[in-house]
Asks: 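Have a look at this one.
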Amino acid sequence: MPRLTIDGIEIEVEEGLNLIQAAAKVGIEIPHFCYHPALSIVAQCRQCLVEVEGVPKVMPACNTFVREGLVVKTNSERAIKARRATVEFTLINHPLDCPICDKGGECPLQLTTFKHGPGYSRFDGPEEKKVRRKYYLSDKIIYDPNRCIMCTRCVRFTHEVTKTGELGYDNRGFRKRIVIFPGKPLNNELAGNVIDLCPVGALLDKYTLHEERVWYWKFTDTVCPLCSNGCNITVGVDPRKGRIARIRPKINPDVNQYWICDRGRYGFREIQNENRIREPFIREDETLRVATLDEAIDAFVSKANKLRNDSSQQIAFIASPVLTNEELYLVKKLADFLDISHVFSNAIEWSGEKKFGLISPDPFPNSSGVRDMGLATDSGIKHIIELILEDKLKALYVIGEDLFKLVRDEEREKLSKALSRLTLLTVQDFKFTETVKLAHIVLPGASPYEKDGTFTNDQGRIQRVKAAMPPPGNARPDWEILALIGQRFDQRSFNYTHPSQIMLEISDRFPAYKGINYDKIGILGIKKLQ
């Protein structure tokens, strides 16, 4: 490996790195705008200029690669003067609207100006700056050409990553701007990533336009629950409104690299509508009345005990593949304790390629976990639907699943009548579904953004799911409700205070999870044993 010296520090790095990457390994930050590790190098912003010994002119660090004996100075007078001049040139026509810009507080241009800029302007006032009209690049993305510094990250993304080629640019000089190719709207399934790529406030998400400042938000790293790829994401919550404000990708080279799909970016909105279950309910006289959680659990346990004494074979559990490993494990453990053999989940197996290497045909985040925890899948879920339609069940406990989505349209009315004939229908969910409306007991669960646990993605990688916000009202994480129910039957066996304790039990019981705990899973996940 080549050895080189950066600002007097001698380092040895792997072949093929550029100076930005090499400097980062010793904690030296070289400012840049157009460079991105997942895109081609164009060296056009010129913000990463450094002095290289033996070279008469300053060089762009992004396009200068390491070699044996190279001596680089990032803090020399020539390098500092060159970067300062570049910042001043970049700001010639950039509007002075940081106080109202949505990028404020996390803007690379803003930070670079503070650290490397001249601290003054040779322009007398804003009247000398060129002003152009904003316009939409898609139904979600607004473009402000006044702020654009023409780094072309967005253009390269659509040509090199998605290979859809919607974006380009026209004109020259200060008139240059990003445009859409005629007949090619920016609607590919990764389009939202151009907002993250933009180093200034030129590409904006219309859904967060002029919302709260980012420094008021609370950020949590977790896993996207909208397909089995398990993309790593960062959830930004506005604590003043108690709502998720935005979702952005978190870098994980083994799962999603730098990107997420638009479904993962915008799909959280379905949990923030008025269709949330905030309280437990018990059916009385054909209506659902609000109850306490203890009251609802006691009602379920009392009725389940009577039915179990009659025949446990007429009781079934259906658990969603959106539940965490810990919750699925508790479902199976509770069913085994009650001697219930009908435990099913709507998990699927798929084959083929993922679109863009990210979007899986399996829409569930934990189909692998369902199979690992021992729940029946595939034909099993069809079998349980048949038992319901044929009136061969007396009781059903449904967790996170809407049964009406599992049948054909012509069977919906028949299923509704069959569910109405059940002696006990208990539904645990975070939103009102058609199944919830027919339930005798409703237990308010939490969405995947509101609980801790783990998912196992389709490549067998176990990853941490973290609560970005608490569930609304008196709703609880599903593992907590299941543990409370289990404690009614056996206090010691279900005495958990955190899902990490459940994972320790899973690691003891299942060979593929042997020795795994939350510390070992870490921030990027860990592959389960084969």
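Computed from a prediction, not measured in an experiment: that's the story for all the values here.
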Asks: Establish, from distance only, whether the side-chain atoms of D402 and T435 form a donor-acceptor pair under 3.5 Å.
Replies: yes
Asks: Does atom NZ of K527 have more than 12 heavy-atom neighbours, drawn from other residues, nucleotides or ligands, at distances under 6.0 Å?
Replies: yes
Asks: Could you work out, with side chain to side chain contact (heavy atoms under 4.5 Å, CB included) as the rule, every residue matching V179, not counting sequence neighbours?
Replies: Y135, D170, R177
Asks: Go through the side-chain N and O atoms of R265 and N193 and say whether any donor and acceptor fall under 3.5 Å apart.
Replies: yes
Asks: Check the orientation of Y258 and H36. Use parallel for under 30°, tilted for 30 to 60°, and perpendicular for over 60°.
Replies: perpendicular
Asks: Within the 3.5 Å criterion, strictly below it, is a donor on S138 or N187 matched to an acceptor on the partner's side chain?
Replies: no
Asks: Distance alone, cut at 3.5 Å: any donor-acceptor contact between the side chains of Q21 and Y35?
Replies: yes
Asks: For residues 214-223, please give each side-chain donor-acceptor pair under 3.5 Å, one per line with the distance, not counting sequence neighbours.
Replies:
from: D221; atom 1: OD1; to: T234; atom 2: OG1; distance (Å): 2.8
from: T222; atom 1: OG1; to: K466; atom 2: N; distance (Å): 3.1

Asks: Are E270 and K431 within salt-bridge range, i.e. N to O under 4.0 Å?
Replies: yes
Asks: Quick one: closest heavy-atom pair of G525 and Q463, and the distance?
Replies: CA-CG, 4.1 Å
Asks: Taking atom types as modelled, is there a side-chain donor on Q257 or N252 under 3.5 Å from an acceptor on the other?
Replies: no
Asks: CD of E189 to CZ of R263: how many Å apart, nearest 0.5 Å?
Replies: 10.5 Å
Asks: If you measure only the distance, is there a donor-acceptor pair under 3.5 Å linking the side chains of N325 and T454?
Replies: yes
Asks: For S447, enumerate each residue passing the side-chain hydrogen bond (donor to acceptor under 3.5 Å, both in side chains) test, keeping only those at least two apart in sequence or located in another chain.
Replies: E450
Asks: Tell me whether the NZ or CZ atom of K140 lies within the 45° cone about the ring axis of Y266 and under 6.0 Å from its centre.
Replies: yes
Asks: Could I get the full list of side-chain hydrogen bond (donor to acceptor under 3.5 Å, both in side chains) partners for E401, not counting sequence neighbours?
Replies: none
Asks: So that I can tick it off, tell me whether E211 and R240 are bridged by a salt bridge, with the cut-off set at under 4.0 angstrom between side-chain N and carboxylate O.
Replies: no
Asks: Would you check if there is a donor-acceptor pair between the side chains of T90 and Q47 at a distance under 3.5 Å?
Replies: no
Asks: If you look at every heavy atom in I30 and L19, which pair is closest and at what distance?
Replies: CD1-O, 3.7 Å
Asks: Taking everything shown except F89 itself, do over 12 heavy atoms lie less than 6.0 Å from its CZ?
Replies: no
Asks: Do we see a donor-acceptor contact under 3.5 Å between the side chains of S360 and S228?
Replies: yes
Asks: Which residue pairs pass the salt bridge (Lys or Arg N to Asp or Glu O under 4.0 Å) test with at least one member in residues 25-35, sequence neighbours excluded?
Replies: E14-K25, E29-K115
Asks: Within a reach of under 6.0 Å around NZ of K405, are more than 12 heavy atoms found that belong to other residues, nucleotides or ligands?
Replies: no
Asks: Once side chain to side chain contact (heavy atoms under 4.5 Å, CB included) is applied, do any residues pair with K414, and if so which ones, sequence neighbours excluded?
Replies: L389
Asks: Does the ring center of F356 lie less than 6.0 Å from the ring center of W259?
Replies: no
Asks: Can you confirm whether more than 12 heavy atoms, excluding those of E413, are under 6.0 Å from its CD atom?
Replies: no
Asks: Are there over 12 heavy-atom neighbours, none belonging to R243, within less than 6.0 Å of that residue's CZ?
Replies: no
Asks: May I ask you to say whether R246 pairs ionically with E106, meaning some side-chain N is under 4.0 Å from a carboxylate O?
Replies: yes
Asks: Here's a test for you: under side chain to side chain contact (heavy atoms under 4.5 Å, CB included), which of I233, L524, I260 qualifies with K250?
Replies: L524
